[in-house]
There are 2 protein chains.
Amino acid sequence: MATRTAEAHREEARAAYDAFLKECPTAQLLARISDKWVGLIVSALGQAEDRTMRYSELGRKIPGVSQKMLTQTLRSLERDGLVARTVTPTVPLRVDYRLTELGSNLGCLLSSVKQWAENHFDEVSAHRERHDAEAAGADAGAAAGADAAA
Amino acid sequence: MATRTAEAHREEARAAYDAFLKECPTAQLLARISDKWVGLIVSALGQAEDRTMRYSELGRKIPGVSQKMLTQTLRSLERDGLVARTVTPTVPLRVDYRLTELGSNLGCLLSSVKQWAENHFDEVSAHRERHDAEAAGADAGAAAGADAAA
DNA sequence: CCGAATCCTCCCCGATACTG
DNA sequence: CAGTATCGGGGAGGATTCGG
């Protein structure tokens, strides 16, 4: 059967994937917490009083996040035991997100990273512009050289 | 034309995007350094003697990274002034990547995060399994309830 | 009004082949 | 050894719609 081959391929691929995960399972976790929104959300929660915030508070605090990504990220954080989700079935509905002890721990680290980004933004920006300028100059030089050759 | 509408949309979207970047430029930088490969590469370089490594040393040290991602990430890090690239035009060619002072600074933070991931992996993993089990149980219960209702 | 689910597009990333 | 160019798939994520 042709499908048999495809299945075999799938199995093989899955085995390889599992082998990779077994080889380095922490890379998976690192990738999760290295997510852009994770950093912003956990930092925001870490700065809040009682490490607690409502859903729309987070939405307003973090500029440019869509509801989808907010929900998605919060769900994955809840799944990993980093935040706790509390639903208060009043009208209108109220949902609070709170950093767990584990999450609070990570929050310190990610806040440091966020802080670093804010502190060194100018420096990085300067480096970036200089580098781009040099690259443009090199390109221009190369182009001029090509012109001269032509 | 229909394409005109699409173009207008693109322009609009781009304007909104630029406005967002101007509103919160540090989010941009945070997203960059929150990249999965950035974390791994900078940590690896941070652990190395002299904070220096060759291209293929990095490739071997970091499991599952493709040459493309390695090159791409190193380029962006170089552009941001976090790593320095040194070419030694011998045969065979030799290229060394080295953390700058700025990058070394960040390296400490990212190494901490990586360390955290390694230390708390079991904990997170346990939370994850428990959460998944509860979700499955809830689903089963809901299904049973539906069956009973029917 | 707040929070979640759906659709659809674009971009990121991995695999492959080729240069110096 | 150290990259660069190209293609194709899959998933991220934004706009929109639905539920309570």
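Nothing here was measured: the structure is a model prediction, and the numbers come from that model. Throughout, a chain's letter reflects where its sequence line sits, starting with A, and its residues are numbered from 1.
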Expressed as a whole number of angstroms, how long is the span from [X]:[atom1] to [N]:[atom2]?
X: Arg94(A); N: dA4(C); atom1: CZ; atom2: C1'; result: 18 Å
X: Leu74(B); N: dG3(D); atom1: CG; atom2: P; result: 8 Å
X: Asp35(B); N: dA12(D); atom1: CG; atom2: P; result: 14 Å
X: Lys68(B); N: dA5(D); atom1: NZ; atom2: P; result: 11 Å
X: Ile62(A); N: dG14(D); atom1: CD1; atom2: P; result: 13 Å
X: Leu70(B); N: dC12(C); atom1: CG; atom2: P; result: 18 Å

Separation between [atom1] of [X] and [atom2] of [Y], rounded to the nearest 0.5 Å:
X: Asn105(B); Y: Glu123(A); atom1: CG; atom2: CD; answer: 8.5 Å
X: Asp80(B); Y: Phe121(A); atom1: CG; atom2: CZ; answer: 10.0 Å
X: Asp35(B); Y: Gln72(B); atom1: CG; atom2: CD; answer: 9.0 Å
X: Thr52(B); Y: Tyr97(B); atom1: OG1; atom2: OH; answer: 12.5 Å

Inset, instruction - State whether a side-chain donor-acceptor pair under 3.5 Å links His131(A) with Glu134(A). - result: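 Looking only at side-chain atoms, Glu134(A) and His131(A) do not form any donor-acceptor pair under 3.5 Å.
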Per [X] side chain, nearest of listed nucleotides [options]:
X: Val95(B); options: dG3(C), dC13(C), dA2(D); result: dA2(D)
X: Gln67(B); options: dA17(C), dT6(C), dC13(C); result: dA17(C)
X: Arg75(A); options: dA4(C), dA2(D), dG3(D); result: dA4(C)
X: Trp37(B); options: dG13(D), dG14(C), dC13(C); result: dG14(C)
X: Arg85(A); options: dT4(D), dC7(C), dA4(C); result: dA4(C)

Legend entry - 5'-most by nearest nucleotide on DNA chain C - Leu93(B) or Tyr97(A):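 Nearest nucleotide further toward 5': that of Tyr97(A).
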Inset, instruction - For the pair Asp96(B) and Arg98(B), find out whether any cationic side-chain nitrogen is under 4.0 Å from an anionic carboxylate oxygen. - result: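 So Asp96(B) does not pair with Arg98(B) through a salt bridge.
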Inset, instruction - Pick base, sugar-phosphate or nothing for Gln72(A), based on heavy-atom distances below 4.0 Å to the nucleic acid. - result: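 Gln72(A): no heavy atom of the nucleic acid under 4.0 Å.
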Legend entry - Upstream residue (5' side of DNA chain D) when Pro92(A) and Val87(B) are each assigned their closest nucleotide: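 The 5'-side residue here is Val87(B).
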Inset, instruction - Scan Leu45(A), Val65(A), Ile62(A) and name whichever one has a side chain to side chain contact (heavy atoms under 4.5 Å, CB included) with Leu40(A). - result: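 So, applying the side chain to side chain contact (heavy atoms under 4.5 Å, CB included) to Leu40(A) and each of Leu45(A), Val65(A), Ile62(A), only Ile62(A) qualifies.
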Legend entry - Any residue of residues 41-61 of chain B with a heavy atom less than 4.0 Å from an atom of DNA chain C: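 Here the set is empty: none.
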Inset, instruction - For the helix from dC1(C)-dG20(D) to dG20(C)-dC1(D), figure out the bend between the end axes, five pairs an end, and round to 10 degrees. - result: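 Axis-to-axis angle, ends of the helix: 30°.
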Inset, instruction - Sort and list the pairs that fulfil salt bridge (charged side-chain N to carboxylate O under 4.0 Å, His left out) and have at least one residue in residues 48-59 of chain B, not counting sequence neighbours. - result: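 Matches after skipping sequence neighbours: Arg51(B)-Glu101(B).
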Inset, instruction - Flag the pair Val42(A) / Leu77(A) as yes when at least one side-chain heavy-atom distance between them is below 4.5 Å, and no otherwise. - result: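 In short, these two side chains touch, coming nearer than 4.5 Å.
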Inset, instruction - Report yes if a side-chain nitrogen or oxygen of Thr71(A) is closer than 4.0 Å to either non-bridging phosphate oxygen (OP1 or OP2) of dA4(C); otherwise report no. - result: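 Thr71(A) to dA4(C) OP1/OP2: side-chain N or O found under 4.0 Å.
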